[in-house]
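Everything below concerns the one structure shown next.
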Protein chains: 2
Amino acid sequence: MIRDAERTKKLLLKAATDEFAAYGIAGARIDRIAASAGVNKAMIYSYFESKDNLFDTVFNAMTSASLEQVVFDVADLPGYAGRLFDSFEDNPDTVRLTTWYQLERPHGTPLHAVVASNAAKLHELRGAIAAGTLPDRFEPVEFLALVRAVVLSWSTTVPELGPAVPKDRARRRAVIVDAVRRLIAFD
Amino acid sequence: MIRDAERTKKLLLKAATDEFAAYGIAGARIDRIAASAGVNKAMIYSYFESKDNLFDTVFNAMTSASLEQVVFDVADLPGYAGRLFDSFEDNPDTVRLTTWYQLERPHGTPLHAVVASNAAKLHELRGAIAAGTLPDRFEPVEFLALVRAVVLSWSTTVPELGPAVPKDRARRRAVIVDAVRRLIAFD
DNA sequence: GCTTGTCAACTAAAAAGTTAGTTGTAAAAT
DNA sequence: ATTTTACAACTAACTTTTTAGTTGACAAGC
């Protein structure tokens with residue numbers, strides 16, 4: 001039997017990511033994570049102190065990866081929206097984990113990486129508004145919230161609407177990109 | 001001790017609504033609901049079969065009430081968005097319960113009231129597009145998804161953005177109404 | 001007295017977390 | 001080069017805590 005702590009940790013993190021994305025913090029089962037990783041349960045407590053701490057590790061890793069993946073471009077917000085949409089479609093776990101986090105950790109410590117990334121985006125937006133590249137009808141934080149909300153359109157859709165939602169991913173993407181274009185348009 | 005089955009049920013439903021909104025299905029605790037309602041735990045099982053069934057009851061009641069409260073007006077989508085926003089701000093539990101439901105009940109039975117209400121909205125939207133009242137760049141379902149997403153802008157905001165979010169509710173409302181106005185504008 | 005509402009105490013099962021002991025590995029000692 | 005030693009990786013079984021759900025006794029109103 002080979003022994004490889006790093007490999008074991010990776011297996012656990014992968015399994016934990018799937019489990020938390022599917023069931024949330026309260027719904028996740030330590031035994032299920034261990035079984036699905038093919039690793040002994042005690043290893044979880046050896047490498048990650050507790051269930052809560054395991055979730056934090058998973059969430060931080062996911063968030064960092066997600067932030068790096070999608071580059072912000074204040075000169076092309078519709079393009080940014082499209083890339084963000086692609087990222088969410090390719091990694092639906094990201095959206096679910098973030099939603100669980102917001103629901104189950106209403107007072108979680110703000111992640112430094114996210115704070116920094118948002119500050120940078122707000123700063124760029126402020127600059128673009130000042131320079132006249134973007135209209136001044138919305139504040140920077142308002143642009144950011146609106147773009148994010150529009151990108152999440154198909155995720156926040158109620159299940160009852162499900163069957164009517166366009167099957168074609170390209171179409172769903174085009175709707176979002178076009179909507180953002182209209183939000184930032186000069187009259 | 002006074003005996004009033006209806007009163008007891010109401011107390012339990014109120015407590016259960018708060019509990020499920022705060023902690024979700026997996027995170028909710030039957031003992032906490034009973035304690036917060038000031039009612040014995042066994043009453044829950046007497047009036048509502050199980051934890052799952054209690055959640056369904058809470059969710060159906062909340063959904064029906066929420067649907068009735070906000071009237072749809074295809075001739076004034078920005079106004080509808082504003083009223084929906086007000087409803088969500090006044091009853092934040094509604095948004096949380098719906099989100100929990102989407103996460104924890106991915107294959108829940110579609111609620112008849114919601115299905116009917118959505119069908120009616122889609123039908124009206126189709127009519128408005130055909131009549132030229134609304135632009136034809138988006139399908140009915142796309143309008144609905146976009147409007148809902150925009151209304152939820154401040155709810156889907158990541159916590160790290162929290163401090164930057166406008167404190168003024170009227171301003172947050174105005175942003176949403178204006179955004180919807182732009183989405184339905186003719187060029 | 002019979003039905004229905006209420007309650008405290010109980011049960012069974014599930015879940016998180018722990019422990020005592022085993023095994024592989026790699027470096028030090030021979 | 002082999003053996004020894006030390007430690008990290010690992011395991012199975014265990015303990016403790018939590019939680020959904022139950023029961024049987026008692027009380028209130030008809």
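In the text below, chain A, chain B and the rest are named by the order of the sequence lines, each starting its count at 1.
Electrostatic pairing of B:K9 and B:E6 counts as a salt bridge here, judged by a charged N lying under 4.0 Å from a carboxylate O. The pair B:R96-B:D18 does not count as a salt bridge, with every side-chain nitrogen at least 4.0 angstrom from each carboxylate oxygen.
Near-neighbour residues of DNA chain C inside residues 8-34 of chain B, defined by a heavy atom below 4.0 Å, number-ordered: B:T8.
In this structure A:F88 satisfies the side chain to side chain contact (heavy atoms under 4.5 Å, CB included) test together with A:L84, A:T94, A:V95, A:R148, A:V151, A:L152, sequence neighbours excluded.
Contact between the side-chain N/O atoms of B:Y47 and the OP1/OP2 oxygens of C:dT6 is found at a separation under 4.0 Å. Between A:Y45 and the phosphate of C:dT18, there is no side-chain N or O to OP1/OP2 separation shorter than 4.0 Å.
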Using the 3.5 Å cut-off, write out each protein N or O paired with an N or O of nucleotides 8-10 of chain C and the distance between them.
from  : atom 1 : to    : atom 2 : distance (Å)
C:dA8 : N7     : B:N40 : ND2    : 3.2

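Among B:R83, B:R172, B:R173, the single residue meeting the salt bridge (charged side-chain N to carboxylate O under 4.0 Å, His left out) criterion with B:E89 is B:R172.
For the pair B:M43 CE and D:dA20 P, the interatomic distance rounds to 17 Å; values are reported in whole Å. What separates CD of A:E49 from P of C:dG17 is a distance of 10 Å, to the nearest Å. Look at CZ on A:F48: it is 16 Å from P on C:dA16, rounded to the nearest Å. Here C:dG17 presents its C1' atom at 12 Å from NZ of A:K51, a figure rounded to the nearest Å. In this entry the distance linking CZ of B:R7 with P of D:dA28 reads 16 Å, nearest Å.
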request  = Go through B:R169 and B:W154 one step at a time and tell me if the side chain to side chain contact (heavy atoms under 4.5 Å, CB included) criterion holds.
outcome  = CA-CA 10 Å; B:R169 169 169 162 172; B:W154 304 114; over 6 Å; no
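A cation-pi geometry, defined here as NZ or CZ lying under 6.0 Å from the six-membered ring centre and within 45° of its normal, holds between A:R32 and A:Y23.
The aromatic rings of A:Y101 and A:F59 lie parallel to each other, with less than 30° between the two planes, well short of the 60° mark.
Remark: side-chain polar atoms of B:E160 are not paired, donor with acceptor, to backbone N or O of A:V115 under 3.5 angstrom.
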